[in-house]
K.L.:
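This is the structure I have questions about; it appears just below.
Side chains included, hydrogens not; waters and symmetry mates left out as well; all remaining heavy atoms used.
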Amino acid sequence: MRRRIIIDCDPGQDDAIGLFLAFASRDELDLLGVTTVAGNVPLALTQQNARQMCDIANVRDVPVFAGCDRPLRRALLTAEHVHGRTGIDGVDVIDPLTPLNDQHAVDFIIESLRQYDAVTLVPTGPMTNIATVIQREPALLPSIERIVLMGGAMREGGNYSPSAEFNVLVDPDAADIVFSCGRPITAFGLDVTHKVLSTRERVARIRGIGNAVSDATAGMLSFFQRHDSKKYGADGAPLHDPCTVAWLLKPELFKTKPVNVSVETDSELTIGHTAVDFWHVTSRPVNVDWAYDVDADGFYELLFDRLARFGGET
Ligand code: RIB
Ligand code: CA
């Protein structure tokens, strides 16, 4: 039985590569739809970018939806300095053939949870859409089989502020609602995503595959990694969002631990901080399977293998 999933994203080069990984794995993942949210760039661009990834991968049967264009309470923060003005710098932006579905993303997710009794939600951007679903239809929570998210940080501290990871920082109130919802959660924070760096060698392997999807991936990585390579002085950038889809496909690549994750939603100094109680020093209830280690080579071998499914060879 294929796992039914909805990917909720803010493309963003790394979100886009996560979509490619899912597009290449339709034999295992029943991708009900792609929903988009404001984050890396405004919603008008994230929805367009998601549609363009469908074009590049020649995926014509996955509907794409636009969702919330701002966080629940706070002003939108964006990350053009990381992702470029378009959000997917590294590929030429075109007006996509894939249409935007006219249903709101939140309504689509609610409709899907009504239709199916087990849907895995995969948010890789600010969690505004997911939180809105939970707030509007709490009775549908049992239909959420699991939430597999990219967000938060423990030892890595923060990337957009000294103490907060971008997805949680943009909408800390939404993240708090999600982490507190009571459904099974597997979370990939900066501590694990910073272990899957898109090194020059790995990008060269991708470039050598030789199809439109791998070419787009190599182009986006070449742009995406320049900011973090300089910032961290590393060879390559953390490939954040594809960790979620990779876990769905090969969970054995990762190590996770049940912990409590709580979100700071008030302090202006540490807003969006995720307090990860890794050593269980509090009595806060376990609410998350926190990913803390990964077989990075195995992760990239999976990515190479799936990218090659679009043609060419690894
Ligand atoms: O902090 C990394 C996260 O923020 C990733 O999901 C990236 O795409 C941005 O949304
Ligand atoms: Ca993202």
K.L.:
Restricting to non-hydrogen atoms, name the atom on Pro126 and the atom on Asp171 that form the minimum distance, rounded to 0.1 Å.
P.N.:
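Closest approach of Pro126 to Asp171, heavy atoms only: CB-CB, 4.3 Å.
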K.L.:
Is the shortest side-chain N to carboxylate O distance from Glu301 to Arg202 below 4.0 Å?
P.N.:
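Salt bridge: no.
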K.L.:
Within 45° of the axis and under 6.0 Å from the centre of the six-membered ring of Phe304, does NZ or CZ of Arg306 qualify?
P.N.:
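So Arg306 doesn't make the cation-pi contact.
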K.L.:
Any pair with a residue in residues 176-197 that passes side-chain hydrogen bond (donor to acceptor under 3.5 Å, both in side chains), sequence neighbours left out, goes on the list, sorted by first then second residue, please.
P.N.:
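Residue pairs with at least one partner in residues 176-197: Arg146-Thr186, Asp176-Ser180, Thr193-His240, Lys195-Asp293.
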K.L.:
Regarding Asp55 and Arg60, does a basic nitrogen lie under 4.0 Å from an acidic carboxylate oxygen?
P.N.:
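Salt bridge flag = yes for Arg60 with Asp55.
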K.L.:
Under 4.5 Å between any side-chain heavy atoms of Pro172 and Arg74, yes or no?
P.N.:
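Sidechains of Arg74 and Pro172: in contact.
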K.L.:
Would you say that Ile147 contacts Cys181 through its side chain, given a criterion of any heavy-atom pair below 4.5 Å between the two side chains?
P.N.:
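Contact flag for Ile147/Cys181 side chains = yes.
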K.L.:
Quick check on side-chain contact (heavy atoms from CB on, under 4.5 Å): which of Asn49, Thr86, Asp10 does Val41 satisfy it with?
P.N.:
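With Val41 as partner, Asn49, Thr86, Asp10 yield a single side-chain contact (heavy atoms from CB on, under 4.5 Å), made by Asn49.
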K.L.:
Would you mind checking if Asp27 and Arg309 are paired as a salt bridge, meaning a charged N to carboxylate O distance below 4.0 Å?
P.N.:
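Answer for the salt bridge query: yes.
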K.L.:
Looking only at heavy atoms, what is the nearest atom pair of Tyr300 and Val196, with distance?
P.N.:
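Result for this residue pair: OH-O, 3.0 Å.
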K.L.:
Of all the heavy-atom pairs spanning Lys250 and Leu302, show the shortest one and how long it is.
P.N.:
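Where Lys250 meets Leu302 most closely, the heavy atoms are CD-CD1, 4.1 Å.
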K.L.:
Go through the structure and list residues passing ring pair (Phe, Tyr, Trp, His ring centres under 6.0 Å) with Phe299, not counting sequence neighbours.
P.N.:
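Partners of Phe299 by the ring pair (Phe, Tyr, Trp, His ring centres under 6.0 Å) criterion come out as none, since no residue qualifies.
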K.L.:
Test Asp173 against Arg73 for salt bridge (Lys or Arg N to Asp or Glu O under 4.0 Å), laying out the working first.
P.N.:
CA-CA 7 Å; Asp173 303 289; Arg73 182 164 64 103; 3.0 Å; yes
K.L.:
Is there a donor-acceptor pair closer than 3.5 Å between any side-chain N or O of Asn40 and the backbone N or O of Thr46?
P.N.:
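Checked: no pair found.
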K.L.:
Would you kindly confirm whether Val213 and Ile17 end up in one hydrophobic cluster when ILVMFWY residues are joined by side chain heavy atoms under 4.5 Å apart?
P.N.:
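Yes, because Val213 and Ile17 connect within a single hydrophobic cluster, where side-chain heavy atoms sit under 4.5 Å apart.
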K.L.:
Is there a side-chain contact between Cys243 and Met150 in this structure, where contact means two heavy atoms from C-beta onward sitting under 4.5 Å apart?
P.N.:
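Answer no - side chains too far apart.
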K.L.:
Can you hop from Leu221 to Phe223 via hydrophobic side chains spaced under 4.5 Å?
P.N.:
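In one cluster: no.
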K.L.:
Please test Glu201 against Thr199 for side-chain hydrogen bond (donor to acceptor under 3.5 Å, both in side chains), starting from the C-alpha separation and ending with a verdict.
P.N.:
CA-CA 5 Å; Glu201 179 188 355; Thr199 63; 5.1 Å; no
K.L.:
Find out whether Gln135 and Ile177 are in side-chain contact, i.e. whether some heavy atom of one side chain is under 4.5 Å from a heavy atom of the other.
P.N.:
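When only atoms from C-beta onward are counted, Ile177 and Gln135 do touch, with a gap below 4.5 Å.
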K.L.:
Is there a path of hydrophobic side-chain contacts, each under 4.5 Å between heavy atoms, that joins Phe188 and Val294?
P.N.:
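Yes, same cluster.
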K.L.:
Is the gap between the ring centers of His227 and Tyr232 under 6.0 Å?
P.N.:
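No, ring centres 6.0 Å or more apart.
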K.L.:
Whether Lys257 engages the ring of Tyr292 as a cation-pi pair (distance to the six-membered ring centre under 6.0 angstrom, angle to the ring normal within 45°) should be assessed.
P.N.:
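Verdict for Tyr292: no cation-pi partner in Lys257.
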K.L.:
Determine yes or no for a side-chain-to-main-chain donor-acceptor pair under 3.5 angstrom, with Glu156 supplying the side chain and Gly158 the backbone.
P.N.:
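Checked: no pair found.
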K.L.:
Using side-chain heavy atoms (C-beta onward) and a distance below 4.5 Å, is Leu249 in contact with Leu29?
P.N.:
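Yes - at least one pair of side-chain heavy atoms lies under 4.5 Å apart.
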K.L.:
With distance as the sole criterion, is a donor-acceptor pair present between the side chains of Ser143 and Asp117 under 3.5 Å?
P.N.:
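No.
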K.L.:
Is there a side-chain contact between Leu303 and Pro242 (heavy atoms, below 4.5 Å)?
P.N.:
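Side-chain contact under 4.5 Å: no.
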K.L.:
Find out whether Leu21 and Leu19 are in side-chain contact, i.e. whether some heavy atom of one side chain is under 4.5 Å from a heavy atom of the other.
P.N.:
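No; the side chains remain at least 4.5 Å from each other.
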K.L.:
Residues in salt bridge (charged side-chain N to carboxylate O under 4.0 Å, His left out) with Arg4, at least two apart?
P.N.:
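In terms of salt bridge (charged side-chain N to carboxylate O under 4.0 Å, His left out), with neighbours along the sequence ignored, Arg4 is linked to no residue.
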K.L.:
Can you check whether Leu121 reaches Asp8 side chain to side chain, under 4.5 Å on heavy atoms?
P.N.:
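Leu121 does not reach Asp8 side chain to side chain.
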